[in-house]
Amino acid sequence: MKFLLCLSLLSLSLGAYAQTTKPIKVEVKKTEGRYELLRGGQPYFIKGAGGGQFPERVKAYGGNSIRTWSTYGAEKTLAEANKNGLTVMMGLDVARERHGFDYNDPKAVADQLQRLRADVLKYKDDPALLFWGIGNELNLDYTNPKVWQAVQQIAEMIHEVDPNHPTSTVLAGLNQKEVNYIKVMCPAVDILSINTYAGLASIPQQVRDQGWTGPYVVAEWGPTGHWESPVTPWKASVEETSSQKAAVYQSRYEASVAKDKTQCLGTYVFLWGQKQERTPTWYGLFTEDGKESEVVDVMQYLWSGKWPTNRAPHLASFLLNGKKATDNVYLLPGQSVPAVVAVTDPDKDAMTYRWELLPESTDLKTGGDREERPKPITGLIPADAKAQTQLKAPTTEGAYRLFIYAYDGHDNVATANIPFYVKAK
C-alpha cells in the first residue's frame with residue numbers, strides 16, 4: 001500500500017534527522033530575463049502542497065514543499081518538514097477587512113505589525129523555512145487600499161529582521177487593480193502569490209497581460225471552484241467527479257505553469273488533506289479517512305514523472321434516476337429511484353462502495369472559512385449497496401446531495417456526488 005510505503009520512509013527520515021536552527025538562505029535571482037528561487041545557492045522549483053497533513057506522502061510522491069496560512073501549529077509543521085526533507089511557505093495571518101478589521105485604525109495596524117514581528121523572530125532561523133506569505137486573499141471583498149500599506153510595512157519588517165527569506169503576499173485571483181497597487185505600494189514584496197482554480201491554465205498569460213514582470217508562485221490551485229461551476233436552479237453548485245478533477249489538474253498544470261520558465265517559481269496544490277467546503281470532497285485530495293483520489297496519482301506524476309504502482313479507481317459515470325449531476329434532478333417525496341455508478345480499476349482490484357446522503361450544506365462561507373459538515377441522513381439506501389442500488393428520496397422537501405465512494409482496497413478511492421431536489425407535484 002502507498003501509505004505503508006510512506007510510513008517506512010518517514011521512519012527512516014526520523015532516524016536520520018538531527019535538530020538544527022541554522023537558517024538556509026533563500027533568494028530570488030534574475031538571470032538573463034529568467035527568475036528562479038535559490039535555496040542554499042541551488043535552484044529550487046517549488047513542487048508544493050497546501051496544508052501540513054501527510055507531509056511524508058508529499059515527499060514520497062516527489063513534492064518538496066508545503067504551505068501554511070498562519071503560524072498556528074508552526075513548530076510541528078516545521079519539525080515535520082525537516083524530518084521529511086521539505087520546505088515551508090510560512091503564512092502570516094494578516095487580518096482581513098471582510099472579517100471586520102479596520103485598516104484606517106493606526107493602533108490596530110501597529111499592534112498587528114508587532115504580533116507578526118514576534119512570529120517572524122520566532123521562526124526565521126528554521127532550516128525548513130522557504131519564504132513568508134503575508135496574508136491570504138486580502139483583496140477578497142475589500143474596499144480599503146490601505147491594506148497594501150500594511151503589507152508593505154510587514155514586508156519591510158521581515159527584511160529588517162530576517163535577511164534569509166523572501167516575502168510574498170497572496171491574492172485571490174489576479175486582476176489589474178491589485179497588480180497596480182502591489183507594484184506601486186509594496187516594493188518590499190519579492191514574490192507575487194496567486195490563488196486560482198479554473199483559471200490556472202491562463203495564469204502565465206494573465207500575469208503578463210496585467211503587467212506583473214516579477215516572479216510569481218501559484219499558492220493555491222485545484223479543481224474547478226464552486227463559484228466557477230454549473231449551478232442548479234436551487235443554487236447548488238455541481239462538483240466534478242474525482243476523475244474529472246484528475247483530468248483538469250493535469251491538463252491545466254501542463255498547459256500553463258509547467259511551461260512558464262521565466263517568471264513562475266512553482267506551485268502549491270490545494271488541498272493536501274480534507275475539509276468541508278461546499279461538500280466534504282470538493283477541495284481535498286484525500287477523504288476524511290485518508291484515502292487517496294485519482295488526483296493524488298496525477299500529482300505524483302507531475303512531481304516525479306512517474307505514476308504510482310497501484311492506481312486509484314476511475315469513475316466514468318454516475319447517474320441518479322438516469323440523470324447526471326448537471327441535469328437538475330428533481331425527485332418526489334419518498335420516491336424510489338435507481339442510483340448507478342460506473343467505476344473501473346486500472347489494477348483490476350476488487351471494489352467496495354459506500355453511499356452517503358446529505359442535506360445540501362447551508363453553512364456557506366467565503367475565502368475558505370470554516371464550514372460545518374451536514375449530518376448524514378440514514379436508512380434511505382440499502383446497507384450493502386454496490387455499484388447499482390436504489391435511493392428512497394427523503395419525504396421532506398428541499399435540497400440534498402447523494403455521494404458515492406468507491407474503494408480499491410489499497411488506500412485509493414473514487415468519489416462523486418449528485419445534487420437533487422425533493423419537491424411534491
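Given the structure is predicted, the values throughout are model-derived calculations rather than measurements.
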> Is it the case that Gln206 and Ser202 place a side-chain donor and acceptor less than 3.5 Å from each other?
Replying inline: yes
> Below 4.0 angstrom, N of the basic side chain to O of the carboxylate: do Lys83 and Glu80 qualify?
Replying inline: yes
> Between Tyr142 and Trp148, is any side-chain donor less than 3.5 angstrom from a side-chain acceptor?
Replying inline: yes
> Under the salt bridge (Lys or Arg N to Asp or Glu O under 4.0 Å) criterion, do Arg98 and Glu137 qualify, and how do the steps go?
Replying inline: CA-CA 10 Å; Arg98 64 187 174 87; Glu137 301 191 346; 5.0 Å; no
>> Going by side-chain contact (heavy atoms from CB on, under 4.5 Å), Phe420 matches just one of Asp327, Asn321, Asn328, Leu357. Which one?
In response: Leu357
> If you draw the axis of the six-membered ring of Tyr268, does the NZ or CZ of Arg67 fall within 45° of it and under 6.0 Å from the ring centre?
Replying inline: no
> Can you tell me if Glu220 and Tyr283 form a side-chain donor-acceptor pair at under 3.5 Å?
Replying inline: no
> Regarding Arg208 and Thr262, is there a side-chain donor-to-acceptor distance under 3.5 Å anywhere?
Replying inline: yes
> Is the gap between the ring centers of Trp303 and Tyr253 under 6.0 Å?
Replying inline: no
> Do we see a donor-acceptor contact under 3.5 Å between the side chains of Thr87 and Tyr44?
Replying inline: yes
> Have Asp345 and Asn412 got a donor and an acceptor in their side chains that come within less than 3.5 Å?
Replying inline: no
> Is it the case that Asn139 and Tyr181 place a side-chain donor and acceptor less than 3.5 Å from each other?
Replying inline: no
> Just wondering, more than 12 heavy atoms not from Gln388 lying within 6.0 Å of its CD?
Replying inline: no
> Does Arg401 pair with Glu360 as a salt bridge, N-O distance under 4.0 Å?
Replying inline: yes
>> Using only atom types and a distance under 3.5 Å, with no angle test, would you say the side chain of Glu36 pairs donor to acceptor with the backbone of Pro43?
In response: no
> Can we call the ring centroids of Trp355 and Phe318 under 6.0 Å apart?
Replying inline: yes
> Between the side chains of Asn175 and Glu178, does any donor sit under 3.5 Å from an acceptor?
Replying inline: yes
>> Can you see whether Asp126 engages Asn82 through a side-chain donor-acceptor pair at a distance of less than 3.5 angstrom?
In response: yes
>> Under 3.5 Å, is there a donor on one side chain and an acceptor on the other for Glu397 and Tyr421?
In response: no
>> For a quick check under 3.5 Å, do Ser168 and Ser193 share a side-chain donor-acceptor pair by atom type?
In response: yes
>> Tell me whether the rings of Phe54 and Phe286 are parallel (<30°), tilted (30 to 60°) or perpendicular (>60°).
In response: tilted
> Between Arg373 and Glu356, is the closest basic N to carboxylate O distance under 4.0 Å?
Replying inline: yes
>> Tell me whether Asp111 is salt-bridged to Lys107, with the criterion being a basic N under 4.0 Å from an acidic carboxylate O.
In response: yes
> Without hydrogens or angle criteria, can the side chains of Gln153 and Gln149 be said to hold a donor-acceptor pair below 3.5 Å?
Replying inline: no
>> Taking the basic N atoms (NZ, or NE/NH1/NH2) and the acidic carboxylate oxygens, is any pair closer than 4.0 Å for Glu371 and Arg278?
In response: yes
> Is a salt bridge present between Glu254 and Arg252, judged by a nitrogen-to-oxygen distance below 4.0 Å?
Replying inline: no
>> Testing the basics here: between Ala393 and Leu380, what is the closest heavy-atom pair and its distance to 0.1 Å?
In response: C-CD1, 4.3 Å
